[in-house]
Amino acid sequence: MDLLRIMTAGSVDDGKSTLIGRLFLEYGQIHDDNLESIAHNGLNLAYFTDGLKEEREKGITIDVAYKYLETPTRKFIIADCPGHKEFTRNMVTGATTSDLVLILVDAERGITEQTWRHTAIVSWLGKNAVYLLNKMDIVGYQESVYHQFSKKLTQFPIIPISALHGENVLNSSEKMLWYEGECLNKYIHDYRPKVDQDSQIIFPIQNAIQNDALGTLEKGTLFTGQRLKNFQGVELRIQ
């Protein structure tokens with residue numbers, strides 16, 4: 001049984017944590033004590049990954065939360081990453097070790113700056129992704145809404161879902177019969193990571209003090225004296 005590393009991305013409140021909670025609930029992999037916790041004041045699936053007290057109080061994801069999910073045919077490690085702009089560095093860290101990135105988009109609010117930022121980061125890292133047009137329940141599961149987004153989000157495939165209600169998550173939705181593509185569950189089970197044999201260097205920088213940068217080399221080889229430029233055009237020299 002092979003392993004697939006998945007990461008959720010997108011803007012704040014696009015439903016990333018709720019989606020992960022929904023997947024674990026549908027597969028019956030939320031323990032009774034966790035289920036009791038997320039059921040407090042209603043079934044809040046986002047609480048399943050937002051474990052920090054500060055995250056629950058603010059209703060946002062701050063740190064990267066990793067969850068292990070095993071289905072009858074595949075194993076997954078799912079990274080729930082923060083959506084706020086100030087936590088973009090955490091998102092990059094999660095993306096470097098992922099095979100597939102799920103970029104969530106709020107069907108009611110629309111495409112945000114973070115949607116494009118995360119799309120650019122995923123492309124820069126050489127990762128593959130799929131857009132999840134979430135909260136389709138709020139817009140009445142309208143086909144026209146899906147097509148409006150499809151004209152703008154062209155870089156990766158797009159799947160319309162409702163993470164809150166589980167539509168098009170585990171099984172194809174009867175409320176979106178106009179959609180002829182795969183549901184999310186089938187997509188992630190059928191997906192096979194591409195073999196990347198290029199010479200790209202991936203070196204996420206965690207901290208920088210003057211001319212010194214601290215990070216972990218995720219991909220490629222570095223040599224003493226080698227000069228690099230990051231995606232912002234800043235030159236770095238390996239010492």
Side-chain angles (χ1 to χ4, degrees), residues 1-83 94 98-108 129-141 158-177 179 181-191:
M1 192 182 302
D2 60 337
L3 173 69
L4 184 69
R5 297 178 182 273
I6 295 176
M7 188 199 79
T8 59
S11 187
V12 61
D13 290 333
D14 280 348
K16 299 180 293 296
S17 299
T18 298
L19 173 64
I20 296 176
R22 168 59 63 183
L23 284 171
F24 276 79
L25 181 66
E26 294 288 351
Y27 273 108
Q29 295 195 27
I30 298 182
H31 299 301
D32 291 341
D33 54 340
N34 292 120
L35 191 59
E36 182 179 349
S37 176
I38 65 176
H40 182 65
N41 293 327
L43 187 62
N44 192 334
L45 294 173
Y47 274 15
F48 180 61
T49 54
D50 291 342
L52 298 178
K53 181 183 178 186
E54 185 179 1
E55 290 180 322
R56 294 195 176 190
E57 289 176 347
K58 294 183 178 180
I60 63 174
T61 300
I62 297 175
D63 199 4
V64 181
Y66 292 93
K67 294 291 184 180
Y68 178 82
L69 174 67
E70 183 174 344
T71 72
T73 57
R74 199 164 199 184
K75 298 177 181 178
F76 301 91
I77 293 180
I78 307 177
D80 182 30
C81 294
S98 299
D99 301 312
L100 177 67
V101 180
L102 310 179
I103 304 178
L104 278 82
V105 181
D106 188 323
E108 181 183 41
V130 58
Y131 293 112
L132 299 181
L133 186 58
N134 192 25
K135 304 185 182 181
M136 286 295 291
D137 53 298
I138 298 180
V139 297
Y141 301 105
I158 178 171
I159 301 175
I161 68 168
S162 170
L164 182 63
H165 299 287
E167 299 295 336
N168 242 7
V169 177
L170 192 66
N171 299 298
S172 296
S173 172
E174 294 185 358
K175 297 181 179 179
M176 291 182 280
L177 294 176
Y179 173 69
E182 296 178 325
C183 66
L184 175 61
N185 179 58
K186 181 169 175 41
Y187 187 91
I188 62 177
H189 276 81
D190 291 346
Y191 178 78

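Just so it is clear, the structure is predicted and the values come from calculations on it, not from any experiment.
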Working for ring-ring contact (aromatic ring centres under 6.0 Å, His included), residues Phe76 and His189 = CA-CA 9 Å; Phe76 301 91; His189 276 81; 5.1 Å; yes
For the atom pair [atom1] ([X]) and [atom2] ([Y]), what is the distance rounded to the nearest 0.5 Å?
| X | Y | atom1 | atom2 | value |
| --- | --- | --- | --- | --- |
| Ile103 | Ser11 | CD1 | OG | 12.0 Å |
| Lys186 | Ile159 | NZ | CD1 | 11.0 Å |
| Tyr191 | Leu100 | OH | CG | 5.5 Å |
| Leu4 | Asp190 | CG | CG | 11.0 Å |
| Ile6 | Tyr66 | CD1 | OH | 13.5 Å |
| Thr8 | Ile78 | OG1 | CD1 | 8.5 Å |

Check step by step if side-chain contact (heavy atoms from CB on, under 4.5 Å) holds for Leu104 and Asp106.
-> CA-CA 7 Å; Leu104 278 82; Asp106 188 323; over 6 Å; no
Of all the heavy-atom pairs spanning [X] and [Y], show the shortest one and how long it is.
| X | Y | answer |
| --- | --- | --- |
| Glu26 | Gly166 | OE2-CA, 4.4 Å |
| Ser98 | Met7 | OG-CB, 3.2 Å |
| Met176 | Pro160 | CE-O, 3.5 Å |
| Ala129 | Tyr187 | O-OH, 4.4 Å |
| Asn134 | Asp14 | ND2-O, 2.8 Å |

Does the pair Leu102 and Tyr131 meet the rule for a side-chain contact (heavy atoms from CB on, under 4.5 Å), with working shown?
-> CA-CA 6 Å; Leu102 310 179; Tyr131 293 112; over 6 Å; no
Mark yes or no for whether Lys135, through its side chain, and Ile161, through its backbone, hold a donor-acceptor pair below 3.5 Å.
-> no
Keeping the roles fixed (side chain from Asp2, backbone from Arg74), state whether a donor-acceptor pair exists under 3.5 Å.
-> no
Residues which pass side chain to side chain contact (heavy atoms under 4.5 Å, CB included) with Tyr68, listed by chain and number, not counting sequence neighbours | Glu70, Lys75, Ile77
Only pairs at least two apart or in different chains count here, so list each side-chain hydrogen bond (donor to acceptor under 3.5 Å, both in side chains) that has a residue in residues 168-177.
-> Glu167-Ser173
Residue pair Leu19, Leu132: steps toward the side-chain contact (heavy atoms from CB on, under 4.5 Å) verdict = CA-CA 10 Å; Leu19 173 64; Leu132 299 181; 3.4 Å; yes
